[in-house]
Amino acid sequence: MKLRIDPDRIFSLTFFLGRIRFCFFILLFFFCTGCESQKNDVCSSDSSCFELGAVLLVLSNLPSSHPWDYEEGEEYQGGLKMTNFFSGSSSFRQFAPNSSLNVISEFTVGQAVFEVPWTPGFSSTLPDRDGLGPFFHSNSCVSCHFANGRALEEEDEPLTFSLVRLSTGSDSHSPDPQYGGQFQPNSVPGVSKEGSVTLTYQEFEGKFKDGTVYRLRSPIFHFSNLGYGPLANDVKTSLRVPQQVIGLGLLEAIPEATILSFSDPSDQNGDGISGRPNWIANLNDTGFALGRFGWKANNPSLIRQNSAAFLGDFGITSPLFPVENCTPNQTQCQTSVNGGNPEVPQSKIDAITNYMKLVSVPARRKANNASVLSGKEIFFKADCKNCHIPKILTSTNAGFPELSNQTIRPYTDLLLHDMGEELADQRPDEEATGREWRTPPLWGIGLFEVVNGHTRYLHDGRARDLSEAILWHGGEAEKSKNYFLGLDIRERTHLLNFLKSL
């Protein structure tokens with residue numbers, strides 16, 4: 001049984017040193033005061049107080065006793081090698097500064113695969129990018145992850161960027177018998193579409209303890225024009241918005257032991273947080289791997305995640321997922337012309353995976369700003385840092401030295417947490433329950449608006465700003481949400497300024 005590491009303990013040494021510093025202030029005061037009044041031999045040298053003061057000066061420059069104070073190098077969210085200092089619309093599309101020509105080449109080749117539009121069936125003129133469909137969500141990665149961010153629909157628009165996962169029964173391996181495990185809004189010529197999904201929202205309001213009114217909204221699904229009959233009576237649905245594509249190689253480079261050290265499924269330390277890993281069965285039936293990626297940590301590696309996305313989002317088969325996503329009753333899908341077997345070679349999967357590994361993380365902005373630091377203090381005191389771990393060290397990666405031994409600040413533990421009934425989709429995903437979600441990394445969240453023109457958060461995009469995102473927290477985060485509700489408008493502004501700096 002692993003116990004969660006309390007991040008506050010990391011700072012116990014600096015707290016102790018801070019107390020020593022205080023004692024030296026007192027000692028210096030009495031020593032020098034005694035010298036002035038007694039003029040004894042010990043004080044005969046004019047340098048006595050100077051020397052003690054010099055010692056005190058050194059101690060005064062030791063690390064702060066508070067974990068929320070500014071820390072030298074905080075701006076480097078992706079570590080010294082994987083942080084970029086762009087803050088505009090292209091801040092999510094940068095390779096690491098000072099990259100070698102080999103890294104730039106890997107990045108550029110993979111970026112081409114990430115951005116290329118795929119075409120249907122078998123093409124003699126475009127054989128390098130055929131195989132789209134028979135069902136698909138979009139025809140390129142970049143259409144949903146626009147500028148490596150997250151494209152989103154507006155209310156009443158058909159879902160084209162976000163997706164809806166489907167399952168029946170008590171686990172995610174029981175797809176809907178007519179529509180499979182993911183609802184697809186598009187199809188190639190000659191294949192009937194599965195249908196459309198639109199969202200409306202139910203809005204309600206509440207109040208902060210200072211009387212300020214807030215409004216939240218929850219999504220309501222609307223399926224229409226169903227091409228293959230009704231959905232199963234017991235179907236479970238889960239809306240998933242795209243996630244930003246930054247720092248993924250660094251998250252993959254976090255040692256498994258580090259992630260497991262954050263886990264405390266029985267809450268043995270009594271802090272109310274019981275994060276746990278999502279263990280994913282290997283495709284070759286040889287054990288399990290630790291989930292890291294996806295809203296429910298349902299993919300253990302970037303290669304597997306990218307291969308699954310090719311099949312689920314594009315309908316393109318790969319060496320890991322060689323079978324088209326047709327259900328037994330979708331005969332048009334089964335007889336549609338494909339782009340070979342598999343439709344995308346492993347070389348392209350590797351190229352896009354290397355690209356994702358090498359996308360750097362934007363630097364913190366205004367990390368030493370007074371309001372930001374006040375917000376950071378609130379973040380710590382509200383215990384947000386118990387799940388959103390501020391600082392982690394990556395392991396050695398022989399293939400990518402840029403990812404190796406980097407002190408990163410992703411603000412995640414990559415574990416599953418019960419987020420309460422209001423955020424629950426009631427759909428299990430591997431070992432994740434219908435109430436559990438992976439702690440999403442917070443790096444980059446302050447740049448969503450400049451990159452994609454919106455401030456939408458949470459797994460289904462229901463939160464229209466960071467304040468709403470916090471107010472939807474429940475379950476293990478109920479205590480932190482209540483802390484936020486008790487803040488006045490000035491304190492809330494500080495906290496939001498801190499989050500926007502990430």
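The pair Glu422-Arg462 does not meet the salt-bridge criterion, since no charged nitrogen lies less than 4.0 angstrom from a carboxylate oxygen. A salt bridge links Glu71 with Arg409: at least one charged nitrogen is closer than 4.0 Å to a carboxylate oxygen. Between Lys357 and Glu252 there is a salt bridge, with a side-chain nitrogen of the basic residue lying less than 4.0 Å from a carboxylate oxygen of the acidic one. Salt-bridge formation is not detected for the pair Asp425/Arg427: no Lys NZ or Arg NE/NH1/NH2 atom is positioned less than 4.0 Å from an Asp or Glu carboxylate oxygen. Look at Asp383 and Lys385 and you find a salt bridge, because one of the NZ, NE, NH1 or NH2 atoms lies within 4.0 Å of a carboxylate O, short of that distance.
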Please walk me through it: do Glu153 and Ser162 pass side-chain hydrogen bond (donor to acceptor under 3.5 Å, both in side chains)? CA-CA 8 Å; Glu153 306 82 3; Ser162 306; 2.9 Å; yes
Would Tyr457 and Val241 count as a side-chain contact (heavy atoms from CB on, under 4.5 Å) here? Give the steps. CA-CA 9 Å; Tyr457 303 97; Val241 303; over 6 Å; no
Using side-chain hydrogen bond (donor to acceptor under 3.5 Å, both in side chains), reason through Asp156 and Thr198 one step at a time and then give a plain yes or no. CA-CA 5 Å; Asp156 292 324; Thr198 54; 5.6 Å; no
Output, in order, the C-alpha distance, side-chain angles, deciding distance and verdict of side-chain hydrogen bond (donor to acceptor under 3.5 Å, both in side chains) for Glu106 and Asn354. CA-CA 7 Å; Glu106 292 263 16; Asn354 290 342; 3.1 Å; yes
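Asn397 is linked by a side chain to side chain donor-acceptor pair (under 3.5 Å) to nothing, counting only residues two or more places apart in sequence or in another chain.
Lys296 contributes no side-chain N or O that, together with a main-chain N or O of Glu431, makes up a donor-acceptor pair within less than 3.5 Å. Judged purely by atom type and a 3.5 angstrom limit, Thr83 has no side-chain atom pairing as donor or acceptor with the backbone of Ala363. Side-chain atoms of Gln406 come within 3.5 Å of backbone atoms of Leu80 as a donor-acceptor pair (strictly under, hydrogens ignored). When atom types are taken as modelled, the side chain of Tyr411 and the backbone of Thr439 share no donor-acceptor pair closer than 3.5 angstrom. With Gln77 contributing its side chain and Pro362 its backbone, the two residues share a donor-acceptor pair below 3.5 Å. Panel note: side chain Gln330, backbone Cys326; no donor-acceptor pair is recorded below 3.5 Å. Here the side chain of Glu324 pairs no donor or acceptor atom with the backbone of Leu311 at under 3.5 angstrom.
Ring planes of His459 and Trp437: parallel class, angle under 30° (limits at 30 and 60°). Aromatic ring orientation, Phe114 versus His145: tilted (interplanar angle from 30° to 60°). Aromatic ring orientation, Phe310 versus Trp118: perpendicular (interplanar angle above 60°, classes split at 30° and 60°).
Summarising the local packing, CD of Glu203 is surrounded by more than 12 heavy atoms from other residues, nucleotides or ligands at distances under 6.0 Å. Summarising the local packing, CD1 of Ile220 is surrounded by more than 12 heavy atoms from other residues, nucleotides or ligands at distances under 6.0 Å. Within 6.0 Å of OH in Tyr76 there are 12 or fewer heavy atoms belonging to other residues, nucleotides or ligands.
Distance check, rounded to the nearest 0.5 Å: OG of Ser238 to CD of Gln426 gives 10.5 Å. Atom CG in Leu152 sits 5.0 Å away from atom CZ in Arg456 (nearest 0.5 Å).
Exactly one residue among Lys366, Arg365, Arg364 makes a side chain to side chain donor-acceptor pair (under 3.5 Å) with Ser501. That residue is Arg364.
Between Tyr214 and Trp472, the ring center distance fails the sub-6.0 Å criterion.
Between Thr286 and Asn284, the side chains place a donor N or O and an acceptor N or O closer than 3.5 Å (distance only, hydrogens not considered). A donor atom on one side chain and an acceptor atom on the other are found under 3.5 Å apart for Gln332 and Ser192.
Within the structure, salt bridge (charged side-chain N to carboxylate O under 4.0 Å, His left out) contacts touching residues 168-192 (residues at least two apart or in different chains) do not occur. Sorted by first and then second residue, the ring-ring contact (aromatic ring centres under 6.0 Å, His included) pairs involving residues 151-186 (not counting sequence neighbours) are Tyr179-Phe183, Phe183-Phe223.
Minimum interatomic distance between Ser360 and Asn84 (heavy atoms only, all atoms of both residues): OG-ND2, 2.9 Å.
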